[in-house]
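To start, the structure under review is shown below, and the notes come after it.
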Amino acid sequence: MLTPDESLGNRVIINGHEYPNSALDDLVLDRLPSDIMRAAKPHQIKGVEFLYTRVYEEQQGAILAHSMGLGKTLQVIGFLCLIEDHRTIILCPPIVIDHWVMEFKKWGFTGSVYTGPKSVPEWLNHRKTSVFLCGYHMFRDLESNQLDRLYEHADIVICDESHMIKNSSSGLNRKVDGFRTLKRIGLTGYPLQNNLAEYYTMIEWCRPGFLPEWAEFKTLFVDPILAGYFSSQARDLSRRKLLTLGMMLEPVVYRLDSTILYSQLPVKREYLIKCRLTKLQINLYNQFISFYCRQSVARKRLNQSKQFFTAVNTLKRIINHPGCLMIDNNTDMSWCDTKLSDKMMSMKQSAKVQVALKIIKAAMGEKVLLFSRSIACLDYLSACLDLKKISFYRIDGSVGNAERQAMIESFNSTFDKTRVFLLSSQTGSLGINLTASTRVILFDVGWNPCHDEQAIARSYRFGQVKPVSVYRLVIDRTVESAMLKVNIFKTGLFQMTVDKKQMDRLFTQKEMRKYFDFYRDDHIDFTSFDTGDPILDSVVESCKEHIISVTNHHTSLPDMSSSYSEIQSAKAEAERLIVQYNHKQLIRPGKRQELMRKIESADFE
């Protein structure tokens, strides 16, 4: 705790940690609730200070880009507690509104918190500190007169999961950009979540004019960075450009990755389990490859990314379990010569299904999270768990907030006997804390590696008191293993600066072909190592005919540490660009004049 004699000039001590040259003096920190003072970690206090300096003192925007599980919500609430008499609007995915409400109560926020469209007038009429929580869908659907009042009266605007702002031409972006205040905060676990264009849009919304115009930014950063995904010769330049970009953005983006958890939580081990296809899967997989390649040559549709991703999704259904083809009625089966029958639904027709179920069975007395990107796959796994009489909860994008929260609270309860939680990797796990779990199974591979990190962070986060084991299941020598290779490079690459990024969906014809090789059932001897995980060892022993190898996932990541010369080169380039674009002005003249007109108009009214 802070006491008066512990504030010496700009030196502040909180919970035994010293913060030299802090912007937070004892008069400011007196407003911080005691619950936050007791619980906040050093990096969270620094996050509060970052927001206070950038947003309150400098009256500018900022992005808090801490990795998931590091307590961004606490930092935002701490910051809002320091500011007196403000109206703040928090835009967020609808599924996390209840979580925000609970966090405001938990941390002793003394202002008023409003939710729902009917509470807009009350929030607007509130004269003291207040927060309005608004889902993105509701905000997008508000009438223009309601929007105008929000634009005028909001002192601070916060966008949670701010990568959802998407691109500058989206309807949501145009509406979010209408706020007159420059005090804007973006929250995201992965600033490069989707692609560099969306990252650029986030920065432009948060700090208008800080970056050069898009065409120049694309030439400077986007093109050389993306080139590193497909060309080993371009990867050195790709790394240096990312390093330079990270340095340029330090005044706007405060980034910490999940490594900070390692010294403060029990150990986390990650394993990569490579499996084989079954005979039925090989037959279906190669049938589809043959069909797709023939069609691509005949119709030249390999260049069309929409068909490419549709084809990849079909292959992923086969890889997960052939039954997923039968569950999903929208799957085009014109390519299939094999007669579909109920025998295809057998659990024995997928190595990944058998391995996942054996892990769950072996982990008696522990709670397990099972993630998949496919709703059809979740449907199949749900049926398997029912047949095995294993109790489970399930959350995907279709589950309502109230039901969702009830399942989370029950699962985390020491009295609840439900052992498994099935979740959608993409939307189902936002805003979920499931620290009662100690095992995490990532059933499939997607284009966006941050979805895996998001899934792991449901279990491995502050509040976890036990070791956590993560199992990544992948079918070797398939489209899935090809995706994994790219993800591993992206993961290592973006650990250098701001973090991970999804595959940019612009493939050349040559690059697309790499994903459509026939599966060869060559005999490969099983390889493993001393996992240090007795449960995994027992599963491997019973599934050797289905598993090719087990490795520590961290050893799969490339060494992306930067040399001294790389750092100095990037620093010099960043300094040159900062001078060139005169970042002291912060806002380009055109943007500045536009915002000045908005503010002047608001003041005049």
Side-chain angles (χ1 to χ4, degrees), residues 257-259 262 267-278 281 315-316 319-321 350-360 362-363 368-374 377 381 425 437-460 467-495 500 503 515 519 522 524-560:
D257 65 27
S258 59
T259 55
Y262 299 161
V267 67
K268 171 173 67 77
R269 294 187 177 93
E270 293 189 35
Y271 303 98
L272 180 63
I273 305 174
K274 292 185 178 181
C275 302
R276 308 175 192 274
L277 289 180
T278 64
Q281 286 176 308
L315 290 173
K316 287 173 65 180
I319 287 168
N320 282 341
H321 191 287
S350 166
K352 289 206 288 185
V353 168
Q354 294 182 71
V355 171
L357 292 175
K358 286 184 181 293
I359 290 173
I360 293 169
V368 181
L369 307 184
L370 179 51
F371 289 89
S372 174
R373 288 168 169 79
S374 164
C377 185
L381 292 170
S425 300
S437 61
T438 54
R439 310 268 168 182
V440 179
I441 301 173
L442 305 177
F443 195 82
D444 40 29
V445 178
W447 296 112
N448 193 340
C450 81
H451 288 153
D452 291 342
E453 303 304 317
Q454 177 176 281
I456 295 168
R458 299 314 99 200
S459 177
Y460 195 69
V468 172
S469 296
V470 180
Y471 309 103
R472 298 172 181 266
L473 307 183
V474 60
I475 299 295
D476 196 33
R477 295 168 294 160
T478 64
V479 65
E480 198 170 53
S481 56
M483 293 164 67
L484 181 66
K485 287 178 183 177
V486 176
N487 283 353
I488 286 173
F489 171 69
K490 288 188 292 183
T491 300
L493 184 65
F494 284 97
Q495 280 174 343
K500 306 164 183 67
M503 170 73 70
Y515 291 84
Y519 183 86
D522 301 331
I524 300 177
D525 291 332
F526 170 78
T527 57
S528 185
F529 69 111
D530 183 10
T531 67
D533 183 340
I535 286 178
L536 179 57
D537 290 339
S538 68
V539 171
V540 168
E541 186 62 31
S542 63
C543 291
K544 280 186 177 179
E545 72 275 19
H546 302 302
I547 298 175
I548 293 174
S549 67
V550 177
T551 56
N552 187 316
H553 183 62
H554 291 300
T555 63
S556 302
L557 296 177
D559 180 10
M560 288 294 184

(request) Could you walk me through whether L315 and T478 pass side chain to side chain contact (heavy atoms under 4.5 Å, CB included), step by step? (result) CA-CA 9 Å; L315 290 173; T478 64; over 6 Å; no
(message) Can you tell me how far apart OG (S437) and CG (L370) are? Round to the nearest 0.5 Å.
(response)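 Going from OG on S437 over to CG on L370, the span is 11.5 Å.
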(request) Give, for atom CD of Q354 and atom CG of L473, the distance between the pair rounded to the nearest 0.5 Å. (result)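 Between Q354 CD and L473 CG, I get 12.0 Å after rounding to 0.5 Å.
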(message) My understanding is that only residues two or more places apart in sequence, or in another chain, count here; which of them pass side chain to side chain donor-acceptor pair (under 3.5 Å) with S374?
(response)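 By the side chain to side chain donor-acceptor pair (under 3.5 Å) rule, S374 matches no residue at all.
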(message) Going by side chain to side chain donor-acceptor pair (under 3.5 Å), name the residues that satisfy it together with K352, two or more places apart in sequence or in a different chain.
(response)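 Listed in chain order: N320, E480.
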(request) Let me see the working for V353 and F443 under side chain to side chain contact (heavy atoms under 4.5 Å, CB included), right down to the final yes or no. (result) CA-CA 8 Å; V353 168; F443 195 82; 3.8 Å; yes
(message) Check whether D476 reaches the backbone of K274 with its side chain - one donor and one acceptor, N or O, closer than 3.5 Å.
(response)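 Checked: no pair found.
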(request) Spell out, as yes or no, whether a donor-acceptor pair under 3.5 Å connects the side chain of K316 to the backbone of V479. (result)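 Answer holds: no.
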(request) Assess whether side chain to side chain contact (heavy atoms under 4.5 Å, CB included) is satisfied between S350 and Q281, documenting all intermediate values. (result) CA-CA 8 Å; S350 166; Q281 286 176 308; 4.0 Å; yes
Taking side chain as C-beta onward, heavy atoms only, is [X] less than 4.5 Å from [Y]?
X    : Y    : value
I441 : V355 : no
I456 : L442 : yes
L272 : L484 : yes

(request) Looking only at non-hydrogen atoms, find the nearest pair between R276 and I548 and report the distance. (result)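 The answer is CG-CG1, 3.6 Å.
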(message) So which atom in E545 and which in S542 form the shortest heavy-atom distance, rounded to 0.1 Å?
(response)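 Where E545 meets S542 most closely, the heavy atoms are OE1-O, 3.9 Å.
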(message) If the condition is ring pair (Phe, Tyr, Trp, His ring centres under 6.0 Å), which residues does Y471 pass it with, not counting sequence neighbours?
(response)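 In terms of ring pair (Phe, Tyr, Trp, His ring centres under 6.0 Å), with neighbours along the sequence ignored, Y471 is linked to Y271.
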(message) Working note: I319 + D444, criterion side chain to side chain contact (heavy atoms under 4.5 Å, CB included); need CA distance, chi angles, decisive distance, verdict.
(response) CA-CA 9 Å; I319 287 168; D444 40 29; over 6 Å; no
(request) Indicate yes or no: does R269 engage D533 in a salt bridge with an N to O separation below 4.0 Å. (result)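 A salt bridge is absent here (no side-chain N lies under 4.0 Å from a carboxylate O).
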